[in-house]
Colleague: 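Have a look at this one.
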Amino acid sequence: MDWTTSLKAFLALAWAAYVVVLVIWVLLQKRPPEATISWILVLALVPYLGFFIFYFFGPQRLRKQQIRRLNNRVAMYVSDDLQALKERTLHAPAELRQLAQLSAITTGIYPCSGQAVQLLCSGAQTFDAIEHAIHQARHHVHLEYYIYEPDQTGMRLRDALIQKAREGVQVRLLVDALGSKNLNKTFVQPMLDAGIAFARFHDTRFGRRWRPVINYRSHRKIVVVDGSVAFTGGVNVTDEEDTRIRADAYHDVHVRLQGNPAFWLQVVFLEDWAYANDQPLSECIACVQDYLPVSPTGPFDVQVQTSGPNNPAEPIHRSYVQAIHNARSRVWLTTPYFVPSEAAMMALTNAALAGVDVQVLVPERSDSLLVTLAARSYFDELIEAGVKVWEYKAGMLHSKTLVVDDDLGCIGTANFDLRSFRLNYEVGVAVFGTPFNSDLAAQFERDLRQSRRVPTHRHIPFRQRLAEAVMRLFSPML
């Protein structure tokens with residue numbers, strides 16, 4: 001046997017050993033089968049280099065926070081609100097009560113009542129409302145963002161925070177290290193000099209930790225002012241979403257909440273702040289009375305929802321699927337990234353086949369070509385089942401909303417895709433009742449006027465159809 005034959009035999013054995021080790025490693029993660037198979041397929045085709053790809057970009061076991069201890073501890077502060085809500089909802093539809101229970105059990109966050117719930121229909125409305133609330137702050141301002149850019153919008157908000165900090169208001173800003181990677185020392189230092197507390201979620205830089213966290217991002221957008229007013233939704237801090245600056249800004253929506261929904265969004269922020277700063281949970285519990293004032297019972301019934309890789313129950317995913325299954329008249333979904341799980345896809349098509357008015361609105365072209373192709377691979381199956389699929393043509397659609405029947409409206413940070421359902425830390429609110437549902441439905445109908453319905457028979461080139469099919473194969477990794 002010459003050395004060439006020996007080398008080939010050695011490489012074949014080494015590749016076989018590599019595949020065996022990698023397969024066992026991936027299998028032990030106990031991820032959904034489609035994601036497991038996708039990872040095995042990709043990494044087996046990238047010998048040796050695949051090990052490092054999976055090491056840095058594959059699933060990781062994160063330190064779980066004992067959030068139920070915190071949530072159960074603070075729940076007693078809103079016991080009167082819970083009791084009033086329980087009495088008021090005795091005659092609510094069973095489906096809504098079950099949905100609230102599902103969210104409460106999987107997140108440890110209880111339903112609450114809000115004094116005001118306001119839909120903000122653009123980046124301009126959102127930033128104006130947030131800046132007004134910050135101007136009114138007297139005790140503290142807490143902010144958590146996936147993307148915070150050091151552009152005109154970011155500087156304007158930063159300067160408002162600096163001004164409040166100099167007035168004695170406590171300000172904390174938590175940003176995702178990857179999404180807000182452009183925040184450099186020059187931009188951050190004036191905030192630190194003013195006394196603003198600043199932290200990054202899951203630092204991606206080498207040397208900060210042995211295995212940097214690349215995938216598990218805080219995709220949340222939260223602002224809480226004095227524990228009584230809060231904001232969440234899809235709008236990041238960037239000129240790209242600020243129609244006051246750019247006429248071609250992303251189309252997005254946000255929500256302003258007043259009352260006890262702010263209480264629970266504050267809890268979410270405090271958990272993330274403690275985690276990002278490696279702060280003992282006991283310290284977070286010790287400070288809840290200072291930052292969690294209880295508001296009087298209000299007329300809006302709200303369920304704050306969270307999900308993340310530290311919660312295998314996938315609460316937001318479960319809630320959306322359950323809500324769609326419960327639908328009797330309509331399901332109107334808006335999402336910038338549509339890469340559904342098998343369960344979510346089944347829920348949408350089942351509802352349409354059962355006669356429910358199911359409509360899905362996505363951007364004509366998202367800011368990710370791969371995700372656009374993956375999303376379109378589902379169109380034929382949706383349309384065949386009776387789902388109306390629309391593509392938004394007036395720019396980049398970034399809204400994330402769900403309208404079910406006449407009494408449920410959901411808005412938040414989660415896209416209708418596997419990354420949001422399983423990999424990212426997300427937050428949102430489900431509002432029960434007609435008023436907010438009507439507002440979301442009206443916004444959906446306005447957006448349809450700037451959209452094109454995807455025809456029943458799509459005539460697309462073979463090359464595009466093949467690209468869509470390939471991207472669907474790898475959709476669990478997108």
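Values in this document were obtained by computation on a predicted structure and should not be read as measured data.
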Colleague: Does the pair D226/R138 count as a salt bridge with the N-to-O cut at 4.0 Å?
Modeller: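 No salt bridge links D226 with R138.
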Colleague: On a heavy-atom basis, which atom in A124 and which in D242 lie closest, and how many Å separate them?
Modeller: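 Minimum heavy-atom contact is CA-OD1, 4.3 Å.
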Colleague: If I compare all heavy atoms of S295 with all of G259, which pair ends up nearest, and what's the gap?
Modeller: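 For S295 and G259, the tightest heavy-atom pair comes out as OG-CA, 3.4 Å.
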Colleague: Under 6.0 Å from the CZ atom of R365, do we count more than 12 heavy atoms belonging to anything else shown?
Modeller: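 At most 12 heavy atoms, drawn from other residues, nucleotides or ligands, come within 6.0 Å of this atom.
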Colleague: Rounded to the nearest 0.5 Å, what separates atom CG in D407 from atom OG in S438?
Modeller: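 So the CG of D407 and the OG of S438 are separated by 10.0 Å.
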Colleague: Charged N to carboxylate O under 4.0 angstrom, E131 versus R244?
Modeller: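 Looking at R244 together with E131, the answer is yes, because their closest N to O distance falls below 4.0 Å.
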Colleague: For F231 and L265, what are the C-alpha separation, side-chain angles and deciding distance, and is it a side-chain contact (heavy atoms from CB on, under 4.5 Å)?
Modeller: CA-CA 9 Å; F231 301 83; L265 286 170; over 6 Å; no
Colleague: Show the nearest heavy-atom pair for residues P150 and M155, with the distance to one decimal.
Modeller: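 The answer is O-CG, 4.2 Å.
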Colleague: Do the side-chain N and O atoms of E241 and H254 include a donor-acceptor pair separated by under 3.5 angstrom?
Modeller: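 E241 vs H254: no donor-acceptor pair found between side chains.
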Colleague: Is a side-chain donor-acceptor pair under 3.5 Å present for T306 with T107?
Modeller: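 Judged by distance alone, the side chains do not pair up.
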Colleague: Is it true that atom CE of M345 has more than 12 heavy atoms of other residues, nucleotides or ligands lying nearer than 6.0 Å?
Modeller: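 For M345, atom CE is crowded (more than 12 foreign heavy atoms under 6.0 Å).
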Colleague: C121 and R446: side-chain contact (heavy atoms from CB on, under 4.5 Å), yes or no, with the steps?
Modeller: CA-CA 11 Å; C121 299; R446 284 193 294 271; 3.9 Å; yes
Colleague: Is the distance between the ring centroids of Y291 and F269 less than 6.0 Å?
Modeller: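 They do not qualify: ring centres at least 6.0 Å apart.
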Colleague: How about Y146 and F201: are their ring centroids closer than 6.0 Å?
Modeller: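 Here the rings of F201 and Y146 have centres that are no less than 6.0 Å from each other.
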Colleague: Evaluate the criterion side-chain contact (heavy atoms from CB on, under 4.5 Å) for residue pair E240 and I147; output intermediate values, then yes/no.
Modeller: CA-CA 11 Å; E240 285 190 329; I147 295 176; over 6 Å; no
Colleague: Other residues, nucleotides and ligands only: do more than 12 of their heavy atoms fall within 6.0 Å of CD on Q101?
Modeller: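 No, not enclosed.
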Colleague: Students often mix this up, so state it plainly: with edges at 30° and 60°, are the rings of Y110 and W264 parallel, tilted or perpendicular?
Modeller: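 If you compare the ring of Y110 with that of W264, the planes turn out tilted.
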Colleague: Does F127 have R156 sitting over its ring (NZ/CZ under 6.0 Å from centre, angle to axis within 45°)?
Modeller: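 Cation-pi check for R156 and F127: fails.
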Colleague: Step by step, work out the ring-ring contact (aromatic ring centres under 6.0 Å, His included) result for H202 and Y275.
Modeller: CA-CA 9 Å; H202 281 173; Y275 174 73; 5.3 Å; yes
Colleague: May I ask you to say whether D252 pairs ionically with K400, meaning some side-chain N is under 4.0 Å from a carboxylate O?
Modeller: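 Looking at K400 together with D252, the answer is no, because their closest N to O distance does not fall below 4.0 Å.
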Colleague: Is there side-chain contact between I134 and K164, with at least one heavy-atom pair below 4.5 Å?
Modeller: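 Yes, their side chains come closer than 4.5 Å.
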Colleague: Would you call the rings of F421 and H317 parallel, tilted or perpendicular if under 30° counts as parallel and over 60° as perpendicular?
Modeller: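 Answer is parallel, since the angle falls under 30°.
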Colleague: What are the two closest non-hydrogen atoms of D405 and N326, and how far apart are they?
Modeller: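 It is OD2-O, 4.1 Å.
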Colleague: Please say whether more than 12 non-hydrogen atoms of neighbouring residues, nucleotides or ligands are located less than 6.0 Å from NE2 in H139.
Modeller: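 Result for NE2/H139: enclosed.
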Colleague: Checking Q443 against D439: is there a side-chain donor and acceptor pair closer than 3.5 Å?
Modeller: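 Looking only at side-chain atoms, Q443 and D439 do not form any donor-acceptor pair under 3.5 Å.
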Colleague: Looking only at heavy atoms, which two atoms of W332 and D357 are closest? And how far apart?
Modeller: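 Minimum heavy-atom separation between W332 and D357: NE1-OD2, 3.1 Å.
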Colleague: Scan side-chain atoms only and decide if E426 and T413 contain a donor-acceptor pair under the 3.5 Å cut-off.
Modeller: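 Yes.
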Colleague: Just so I know, are the side chains of R330 and F444 near enough to count as touching, which here means a heavy-atom distance under 4.5 Å?
Modeller: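 Of all side-chain heavy-atom pairs linking F444 with R330, none is under 4.5 Å.
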Colleague: Hey, mind stepping through V235 and I130 against side-chain contact (heavy atoms from CB on, under 4.5 Å) and telling me if it holds?
Modeller: CA-CA 11 Å; V235 180; I130 290 175; over 6 Å; no
Colleague: Search all heavy atoms of A430 against all heavy atoms of C410 and return the closest pair with its distance.
Modeller: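 Answer, listing the atom of A430 first, then C410: CB-SG, 3.9 Å.
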